[in-house]
S.K.: 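Before we start, here is the structure in question, set down as structure tokens.
Throughout, protein chains are lettered first and strands after them, A, B, ... in sequence-line order, and every chain is numbered starting at 1.
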Amino acid sequence: MIQNLSPEEIVRRESLDKLRALGIDPFPAAEYKTNSNAHDILNNYEEGREVRIAGRLHNMRDMGKASFAQLQDSTGKIQIYISIDSICPGDDKTLYKEVVKHLLHFGDFIGVSGKLFTTRMGEISVHVESFMLLAKAVKPLPVVKTDKDGVVHDAFTDPELRYRMRYVDLVVNEKVRDTFIARTKIVNAMRNFFNAQGYLEVDTPVLQAIPGGASARPFITHHNALDVPMYLRIANELYLKRLIVGGFEGVYEFSRNFRNEGMDRTHNPEFTVMEIYVAYKDYYWMMDFTEAMLRHVCEHALGTTTVQFADRTIDFGKPFHRITMTDAIKQFTGFDISGKSETELAAFAKSIGIDVTDAMGKGKLIDEIFGAKCEGNFIQPTFIMDYPVEMSPLCKRHRDNPELTERFELMINGKEVANAYSELNDPIDQRQRFEDQIKLQERGDDEAMFIDQDFLRSLEYGMPPTSGMGIGVDRLVMFLTNNEAIQEVLFFPQMRPEKFQTGPDLSEYTALGISDVWAEHVIRAGYDTIEKLKAAKPTAIHQNLNGYRKKNKLDIPAIQLDEVQAWLA
RNA sequence: GAUCUCGUAGCUCAGCUGGUAGAGCAAUACACUUUUAAUGUAUGGGUCCUGGGUUCGAGUCCCAGCGGGAUCACCA
């Protein structure tokens with residue numbers, strides 16, 4: 001296969017050979033020991049201090065017998081200054097005149113050592129005394145420049161390219177790296193908070209025979225040895241509850257879940273949910289706990305409890321609002337759902353423009369009303385409490401009202417971020433709820449509900465009263481890092497697989513008798529399929545190829561007409 | 001899945017009612033030993049996403065496809 005290389009890529013590839021001719025390995029193996037980094041230099045500057053650092057070369061400015069550039073490492077960028085005298089003290093100036101000026105390129109990794117100084121313009125720099133090429137970049141990075149006012153020019157912004165080539169995005173867009181560092185800090189802060197309470201981080205199966213704990217379309221795969229279908233988990237809830245049955249009093253897991261549904265800027269087929277279950281607690285306790293946890297996360301990961309998101313400021317420092325779903329609907333629609341029949345609910349839903357179908361039960365209708373009229377209004381963190389029993393098959397009935405459940409969702413910026421229950425631990429009720437779900441689905445829901453018999457059996461052995469909470473980690477990170485797309489907080493968001501053009505196979509050409517040196521050029525000259533070559537007149541091929549040879553100044557023998565005729569014979 | 005919209009040099013983008021494809025940066029060559037979006041001079045670089053159609057002539061208009069984005073649907 002041949003690759004179509006841009007002129008710039010060809011130059012860089014040719015530099016590999018030139019470097020090797022000078023005895024320089026463009027991809028050396030040995031460790032390069034460093035004693036500092038960009039951040040350290042800028043924060044602990046001391047004139048004349050000897051440093052040894054490594055990084056990627058940016059923004060080279062050749063000024064004749066001296067050059068400036070920036071070296072980018074994982075902590076930031078630092079300017080380096082290379083002069084002909086400091087790196088070539090003897091008569092041989094090749095290292096500067098050839099290597100620095102012509103064979104180093106933007107994007108290459110180099111290691112340098114030298115003394116710190118401040119330039120006339122006041123910029124802290126490394127006066128390079130020796131340098132070493134650590135790895136050559138044969139493909140040029142997008143050139144992004146930032147001027148003295150901090151304005152970014154020619155930013156690398158195409159979402160497709162940024163998401164497909166996150167490695168490039170991370171190199172040239174500093175904010176992207178900051179987002180992912182923040183993500184890890186957020187996750188670490190959550191983990192530390194749970195560990196400090198003595199809760200146990202656990203792992204449960206990703207590959208499940210029954211995809212339970214939520215209602216969503218799963219990804220299906222197949223286990224060959226057992227010859228059974230298997231599913232990627234849509235949730236881990238039922239497994240964590242089994243562990244509470246088993247005697248752990250607090251377990252949590254950062255669960256990568258998979259749902260075979262639509263993708264948009266808030267949904268990715270795989271996403272991360274943190275679920276935690278604590279024995280002997282109820283959902284009131286869990287509200288306090290969730291609030292304290294989020295405050296802890298903000299303080300430790302961001303250093304503040306007031307967070308800017310788009311044009312809004314979200315305050316995690318104040319006590320979170322709490323409102324029941326019934327009151328929320330009353331507040332925003334004036335309609336009181338309590339005690340209403342399915343028909344009455346359906347009529348009201350229709351009256352506010354909801355497309356009501358027969359598949360909708362009471363719970364679904366209430367959820368639709370809430371989603372249409374209330375959800376978007378809760379910008380500051382707000383707990384919505386006491387959902388209808390039909391929408392919450394894994395949640396305990398409300399202690400004061402059997403139509404409702406002891407459930408809350410945390411809304412931030414009009415979106416659901418967390419979901420929690422006083423967990424249903426009555427195995428008889430649980431079995432009945434699963435069966436009710438199936439009845440609902442028989443009315444028209446296309447998603448299959450799987451009854452997990454083993455989970456029911458575990459409840460029969462007894463589960464202590466427990467409260468559980470799940471929080472969408474990706475969404476939380478979005479809010480805390482001011483990103484409006486989930487793709488911005490996932491390193492490698494799902495994209496339609498990229499089609500790489502696999503060029504024609506050289507062997508097909510050499511099989512015709514075309515010489516090895518010519519085969520590639522025959523393809524580049526436009527005969528990129530054997531069919532095209534065979535359809536052309538030998539005289540035309542002959543002329544085209546020699547024209548191509550001349551144009552590209554190829555240092556290979558010209559083609560003779562009888563050679564071409566032999567290929568086509 | 002539906003609708004709208006975008007696809008032009010390595011990158012960011014211009015390209016008018018259809019008439020031989022442009023800029024900046026990057027690259028190449030030269031000059032310049034404290035510059036910083038370095039500067040100056042010169043040079044090279046294009047499957048205008050792909051395939052059809054209309055036309056004397058298509059980057060531009062029409063149709064289909066591929067890929068992206070936005071909105072909607074789906075996602076308790």
Side-chain angles (χ1 to χ4, degrees), chain A residues 4-12 14-15 58-70 77 79-87 96 101-102 105-107 117-125 127 139-164 168 172 214-217 234-235 257 259-269 271 355 360-361 363-368 370-371 387-388 390-395 405 407 409 416 419 437 440 445-447 449 484-485 487 495-499 501 526 528 551-552:
Chain A
N4 274 320
L5 299 177
S6 68
E8 208 167 328
E9 289 174 283
I10 293 166
V11 166
R12 286 173 181 240
E14 285 169 353
S15 73
H58 279 257
N59 197 16
M60 280 183 75
R61 282 149 280 149
D62 169 15
M63 303 194 44
K65 295 193 174 59
S67 295
F68 286 93
Q70 284 179 309
K77 284 183 189 163
Q79 177 163 273
I80 61 171
Y81 173 74
I82 306 179
S83 72
I84 191 164
D85 297 331
S86 56
I87 63 163
Y96 187 81
K101 289 185 80 140
H102 297 293
H105 293 100
F106 168 43
F117 76 111
T118 307
T119 65
R120 263 183 228 153
M121 304 301 288
E123 179 141 350
I124 292 173
S125 308
H127 194 134
K139 213 172 175 61
L141 289 160
V143 180
V144 178
K145 293 193 173 184
T146 309
D147 65 23
K148 50 183 167 293
D149 300 321
V151 180
V152 178
H153 298 263
D154 299 330
F156 180 63
T157 52
D158 184 328
E160 176 171 12
L161 297 177
R162 286 185 49 232
Y163 301 155
R164 285 197 195 280
V168 173
V172 303
S215 171
R217 202 164 293 136
I234 56 175
N257 294 345
R259 296 189 182 177
N260 202 343
E261 285 158 358
M263 306 159 49
D264 57 37
R265 69 191 193 300
T266 58
H267 296 84
N268 193 66
F271 60 102
D355 198 10
M360 291 179 178
K364 180 73 179 166
L365 286 165
I366 292 169
D367 186 46
E368 287 286 330
F370 180 79
Y387 284 61
E390 294 89 341
M391 319 165 39
S392 314
L394 299 166
C395 183
T405 53
R407 171 180 181 181
E409 286 195 353
E416 175 200 336
N419 182 22
Q437 285 295 302
L440 277 178
D445 198 326
D446 59 342
E447 285 166 2
M449 173 60 128
E484 298 191 55
Q487 286 78 14
M495 303 285 282
R496 193 177 291 275
E498 190 173 3
K499 283 186 193 131
Q501 271 207 333
D528 53 3
K551 185 185 172 200
N552 292 284

S.K.: Does A:F271 offer a backbone N or O that forms a donor-acceptor pair with the side chain of A:R259 under 3.5 Å?
M.R.: no
S.K.: Report each atom pair, protein N/O against N/O of nucleotides 29-32 of chain B, whose distance is under 3.5 angstrom.
M.R.:
residue, atom, partner, partner atom, Å
B:A29, OP2, A:H102, ND1, 3.2
B:C32, N3, A:G64, N, 3.4
B:C32, N4, A:D62, O, 3.4
B:C32, N4, A:D62, OD1, 3.4
B:C32, N4, A:D62, OD2, 3.4
B:C32, N4, A:G64, N, 3.1

S.K.: Counting any heavy atom closer than 4.0 Å, what does A:I84 reach on the DNA or RNA strands: base, sugar-phosphate only, or nothing?
M.R.: base
S.K.: For B:U71, does OP1 or OP2 lie under 4.0 Å from any side-chain N or O of A:R265?
M.R.: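 Answer is yes, contact under 4.0 Å.
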S.K.: Choose from B:G68, B:A76, B:A27 the nucleotide whose nearest atom is closest to any side-chain atom of A:D158.
M.R.: B:G68
S.K.: When you get a sec, tell me which of B:G68, B:U12, B:A27 is the closest nucleotide to the side chain of A:D154?
M.R.: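 Among the listed nucleotides, the one closest to the side chain of A:D154 is B:U12.
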S.K.: Ion pair present between A:R407 and A:E409, side-chain N to carboxylate O less than 4.0 angstrom?
M.R.: yes
S.K.: Is A:N59 close enough to B:A38 that one of its side-chain N or O atoms is under 4.0 Å from OP1 or OP2 there?
M.R.: yes
S.K.: Can you list the residues that meet the salt bridge (Lys or Arg N to Asp or Glu O under 4.0 Å) rule with A:K139, with sequence neighbours excluded?
M.R.: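 Testing A:K139 for salt bridge (Lys or Arg N to Asp or Glu O under 4.0 Å), a comparison that skips the adjacent residues, returns A:E9.
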S.K.: Just to verify, what does A:D147 make a side-chain hydrogen bond (donor to acceptor under 3.5 Å, both in side chains) with, not counting sequence neighbours?
M.R.: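 Testing A:D147 for side-chain hydrogen bond (donor to acceptor under 3.5 Å, both in side chains), a comparison that skips the adjacent residues, returns A:H153.
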S.K.: Can you tell me if A:K139 touches the phosphate of B:G10, counting only side-chain N or O atoms and a distance under 4.0 Å to OP1 or OP2?
M.R.: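 A:K139 to B:G10 OP1/OP2: no side-chain N or O under 4.0 Å.
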S.K.: Is it true that a side-chain atom of A:Y81 and a backbone atom of A:T119 form a donor plus acceptor pair closer than 3.5 Å?
M.R.: no
S.K.: Quick check against the 3.5 Å criterion: does A:E8 have a side-chain atom that pairs as donor or acceptor with the backbone of A:P140?
M.R.: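 Looks like no, no N/O pair under 3.5 Å.
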S.K.: Within the pair A:R120 and B:U34, is there a side-chain N or O less than 4.0 Å away from OP1 or OP2?
M.R.: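 Checking B:U34 against A:R120, a side-chain N or O does come within under 4.0 Å of OP1 or OP2.
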